[in-house]
Amino acid sequence: MLSPFRGFWDVRSEIDRMFDEVFGGLTRRFGGDDLAEWSPAMDVYSKDGDLVIKLELPGVKPEDVDITLQDGVLTISGQRKAEQEREGAGYYVKERRYGSFRRSMRLPEGVDESKIHARFEDGVLEVVVEGAAAVTEPRRIQIEGPKGS
């Protein structure tokens with residue numbers, strides 16, 4: 001069955017994520033940038049005809065997150081600010097990522113902008129787009145015969 005929406009895309013973040021999975025440990029071990037961009041973990045699912053988007057944003061304040069809708073594209077962006085390094089602290093491992101992120105998703109046509117709600121609780125952002133995952137049947141187009149018959 002085809003999904004009623006195309007899904008999130010952020011080519012750079014996805015490529016960065018894949019490279020980080022393969023080479024990230026090496027980069028950090030050999031002096032790579034600890035403050036590189038990051039992409040928060042995300043779930044997108046349908047529930048009772050609604051589209052539900054959840055992003056894990058530990059350490060991010062709600063005021064550092066923006067949710068916008070333009071031309072049918074929902075964009076969630078924000079920033080996790082780096083903590084000040086502790087004076088005299090001897091770090092053995094430093095893997096947490098800081099910086100900005102951006103995830104975008106094309107919503108199905110006809111979504112009512114007033115039916116998009118967001119809630120931030122315990123480091124998890126939940127965006128609900130009411131009715132966006134409702135399964136609709138394709139409209140059949142009748143084929144007419146040749147003119148004049």
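- Lys115 contributes atom NZ, which lies 13.0 Å from atom CD of Glu113 (distance to the nearest 0.5 angstrom).
- The two residues Tyr45 and Lys54 come nearest to each other via the heavy atoms OH-CE, 3.4 Å.
- Note that the CD1 atom of Ile76 and the CG atom of Leu125 stand 5.5 Å from one another [nearest 0.5 Å].
- Phe120 is not listed as a side-chain neighbour of Lys61, based on a closest heavy-atom distance of 4.5 Å or more.
- The shortest heavy-atom contact between Asp50 and Glu130 is OD1-CA, 3.2 Å.
- Considering Asp64, Asp66, Val65 as possible partners of Ser77, the one that fulfils the side chain to side chain contact (heavy atoms under 4.5 Å, CB included) test is Asp66.
- Annotation for Ala133 and Ser46: closest pair CB-CB, 3.4 Å, computed over non-hydrogen atoms.
- Using a 4.5 Å heavy-atom threshold, the side chains of Arg103 and Ile53 count as separate.
- Closest non-hydrogen pair, Gln79 versus Val60, comes out as O-CG1, 3.7 Å.
- The structure places CG of Asp112 at 11.5 Å from CG of Leu107, a figure rounded to the nearest 0.5 Å.
- By the 4.5 Å heavy-atom criterion applied to side chains, Leu69 and Val111 are not counted as neighbours.
- Here Asp122 contributes atom CG and Glu56 contributes atom CD; the two are 12.0 Å apart, rounded to the nearest 0.5 Å.
- In this structure, CD1 in Ile67 is found 12.0 Å from NE2 in His117, a value given to the nearest 0.5 Å.
- No single ILVMFWY cluster, assembled from side-chain heavy atoms under 4.5 Å apart, contains both Met42 and Val124.
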Check your understanding: Under the side chain to side chain donor-acceptor pair (under 3.5 Å) criterion, do Thr75 and Arg102 qualify, and how do the steps go?
Key -> CA-CA 7 Å; Thr75 300; Arg102 175 183 302 271; 5.0 Å; no
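- Considering every non-hydrogen atom in both Phe101 and Leu57, the closest pair reads CZ-CD2, 3.7 Å.
- No more than 12 heavy-atom neighbours from other residues, nucleotides or ligands sit within 6.0 angstrom of CD on Glu144.
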